Number of protein chains: 2
Amino acid sequence: MTVTLADVAKRVGVSASTVSRALSSPDKVNPQTRQEIMAAVEAMGYVPNQVAKSLNSGRRDALGIVVPDIANPFFPPIIKAVQARAARLGHSVLISDSDEQTRDELGLVRELVKRSDGVIVVSPRSDPGALADLAAREVIVFINREIEGAVNVLIDDGVGVGQAVEHLHALGHRRVCYLAGPARSWSNKVRRAAAREAAERVGVELVEYGPFNPQMQAGVRAADLVVASGATGVIAYDDLIASGLMLRLAQRGVSVPGDISVIGVDNSALSGMSYPTLTSVSVPCYDAGVTAVNIMNEHLSGKRVEPQTIQLETELVVRGSTGDCPR
Amino acid sequence: MTVTLADVAKRVGVSASTVSRALSSPDKVNPQTRQEIMAAVEAMGYVPNQVAKSLNSGRRDALGIVVPDIANPFFPPIIKAVQARAARLGHSVLISDSDEQTRDELGLVRELVKRSDGVIVVSPRSDPGALADLAAREVIVFINREIEGAVNVLIDDGVGVGQAVEHLHALGHRRVCYLAGPARSWSNKVRRAAAREAAERVGVELVEYGPFNPQMQAGVRAADLVVASGATGVIAYDDLIASGLMLRLAQRGVSVPGDISVIGVDNSALSGMSYPTLTSVSVPCYDAGVTAVNIMNEHLSGKRVEPQTIQLETELVVRGSTGDCPR
DNA sequence: TTGTAGGCGTTATCAG
DNA sequence: CTGATAACGCCTACAA
């Protein structure tokens, strides 16, 4: 059914290797024959079989990326960065969604490893030991989590979250909520620790609630806790939770930022879309994606890549959801 | 470097074929040898080479899906549905993002075709002729666009939007706004046309504003136009716009549904969370994904699949944001 | 410049 | 039950 190199060769009256050459290194073949071959290729609709090519080259010319939830606006920017950079290096990108814990994340990574030259795993949820084992065998780069002995691109949320606390303090807020993310989340650990440290440092009382899943619904639920707490400022684990929070506050007639100031983390598309626009900690997703691909590319170019951890810094972006403390 | 079937065979002292059998049909091999083989496989860390397997089976056990923009919240539900259904059928899913027009959508589809058994293309932007050609050669299912001679799964927003107009009419509204989505959007065309047709039919004056981007902020902006227009009912292009609209109306002291009734489209998570809860047109994303996979699976099971267009109907879900016309 | 031969890792077929 | 052998489609020496 499918047209092969041999079919084209037969049609033109040359050998398969000549056709192969005509396609991969056209200058190594007689212009005359090349013409004929090209014509036949066109006419017969020949398409090289990627699988066969991979089998003896060992290269797949694709790289994979696994994220916990494509519906979470944090990930698409990373994916897009990866795609852009990978395209420039001649790789396709295969995306896979582990659907948070529901699916077998490790299984997905293995699956992708078979089909690509290397895999980028973003915010992995799995057991660190298992991830380390896998990383030792395969070409893997982690984003947003530090796995021992592997290559990690880390987004240091701490800096931005610290700035968020300082920002609220400067506006006069003295009682601030931190809405925690998933208990097992590495990002949450970093963010919470930074919030605590900064609160301590500048002299702000920090009230913590959670854990919450990174979903709007969780923010809705959190809103009532926040109001009851008497806090005038909130730092949410991420923009989704912050958005849900703001939605519910609006419902209850609580003004943002009039009564309560709200800060998210991720600086995702949501932050510009919500109302009021959301002050948020900007996370360098784009850089993270590009950096990961660059490292992977070195690896694939045959260079030895040492285990390493690259830190990318975050920064607070002030928008409409934060203002003076009302009292 | 990598462990092959032959390596395992040599270690155990059997032939490669026996190892292969031990792995794929264990009951066709002596329990004793099987044990030894399994042990060796474990010890040597043998992993079957997917590429080699594909080469002579012709199957890739994966299916692809191409979307114009993973960051657009419309697509993730479809992707997740596809993944869930595909997993149940033993297929992995490879996702690809065409980044709207920026990248070569057709190229991506071709790329994915090589690596999978079939590809689902959602809301394709490319030239219909080229898509039709491709679909004639490869196993492809389109979602949300009709390509001649191909298999299409269509989400007919028109029905739901028509119901929305009828619903408002039944409540006594005679002057209704349609807040249009992006100018180039196919969905917007369908929705607007349906609104016009239904308005004409039942006798409602339709006022159109837009285009608006599917963002809350756009809804906020639209609110003032709506109030000025004197309309008592609004149908927004999607839930995001509808939510922003309601937020701003609340701010201006306009009661929903007391003064103005509001209807969204998508029936997204937002619609249950906003206040009041949002009457919305339910779009069967999940069904669309599942249906597409099912058809593809028939195709891959060897059944002949005729070109066809499957219409999935939308339906109005009435909640708290619509009520009697105030005058 | 072109053709031949061998191999990439696996599976299916056919003997033994 | 097990072992050769021949594909699968392509690429890359090596030879002509």
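This structure is a prediction, so every number in the text was calculated from the model and none was measured. Letters go in sequence order (proteins before strands), and every chain restarts at 1.
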Five-pair end axes of the helix from dT1(C)-dA16(D) to dG16(C)-dC1(D), angle between them (10°):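 If I round to tens, the end axes sit 50° apart.
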What contact category does Val51(A) fall into here, base, sugar-phosphate, or nothing, at under 4.0 angstrom with non-hydrogen atoms?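 Counting heavy atoms under 4.0 Å across all strands, no contact is made by Val51(A).
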Would you call Asp27(A)-Arg34(A) a salt bridge at under 4.0 Å N-O?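 Arg34(A) and Asp27(A): not salt-bridged.
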Looking at Glu306(A) and Arg304(A), does any basic side-chain N land under 4.0 Å from a carboxylate oxygen?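 Salt bridge present between Glu306(A) and Arg304(A).
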Here the distance between atom P of dC8(D) and atom CZ of Arg60(B), to the nearest Å, is 14 Å
Applying salt bridge (Lys or Arg N to Asp or Glu O under 4.0 Å), name anything that partners Glu42(A), two or more places apart in sequence or on another chain. none
With Asp157(A) via salt bridge (Lys or Arg N to Asp or Glu O under 4.0 Å) - residues at least two apart: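 Scan of Asp157(A) (salt bridge (Lys or Arg N to Asp or Glu O under 4.0 Å), adjacent residues dropped) gives Arg191(A).
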Using a strict heavy-atom distance below 4.0 Å, which residues from residues 31-43 of chain A are in contact with DNA chain D?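 Residues of residues 31-43 of chain A under 4.0 Å from DNA chain D: none.
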So does Glu105(A) get a backbone contact from the side chain of Arg125(A), meaning a donor-acceptor N/O pair under 3.5 Å?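 Not a single qualifying donor-acceptor pair exists.
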Which residues satisfy the side chain to side chain donor-acceptor pair (under 3.5 Å) test with [X], sequence neighbours excluded?
| X | result |
| --- | --- |
| Ser15(B) | Ser17(B), Thr18(B) |
| Ser96(B) | none |
| Ser116(A) | none |
| Asn294(B) | Arg85(B) |

Name the atoms and distances for all side-chain donor-acceptor pairs under 3.5 Å in residues 136-149 of chain A, with sequence neighbours left out.
residue	atom	partner	partner atom	Å
Asn144(A)	ND2	Ser123(A)	OG	3.0
Asn144(A)	ND2	Ser187(A)	OG	3.2
Arg145(A)	NH1	Pro124(A)	O	2.7
Arg145(A)	NH1	Ser126(A)	O	3.0
Arg145(A)	NH2	Ser126(A)	O	3.1
Glu146(A)	OE2	Thr309(A)	OG1	2.9

Atom CD of residue position Gln35(A) - does it have more than 12 heavy atoms of other residues, nucleotides or ligands inside 6.0 Å?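 Counting other residues, nucleotides and ligands, CD of Gln35(A) stays at 12 neighbours or fewer.
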NZ of Lys189(B): more than 12 outside heavy atoms within 6.0 angstrom? yes
Going 5' to 3' on DNA chain C, which nucleotide is the first and which the last to come under 4.0 Å of a heavy atom in chain B?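 With heavy atoms of chain B under 4.0 Å away, the range is dG9(C) to dT13(C).
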Does OP1 or OP2 of dG3(D) have a side-chain N or O of Ser15(B) closer than 4.0 Å?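 Indeed, a polar side-chain atom of Ser15(B) lies that close.
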Write out a two-atom table: protein N or O, nucleotide N or O from nucleotides 10-13 of chain D, distance below 3.5 Å.
residue	atom	partner	partner atom	Å
dC10(D)	OP1	Tyr46(A)	OH	2.5
dC10(D)	OP1	Asn49(A)	N	3.3
dC10(D)	OP2	Leu5(A)	N	2.6
dC10(D)	O2	Asn56(A)	ND2	3.4
dC11(D)	OP2	Ser20(A)	OG	2.9
dC11(D)	O4'	Asn56(A)	ND2	3.1

All pairs passing salt bridge (charged side-chain N to carboxylate O under 4.0 Å, His left out) where residues 57-68 of chain B contributes a residue, at least two apart: Arg59(B)-Asp61(B), Arg59(B)-Asp117(B)
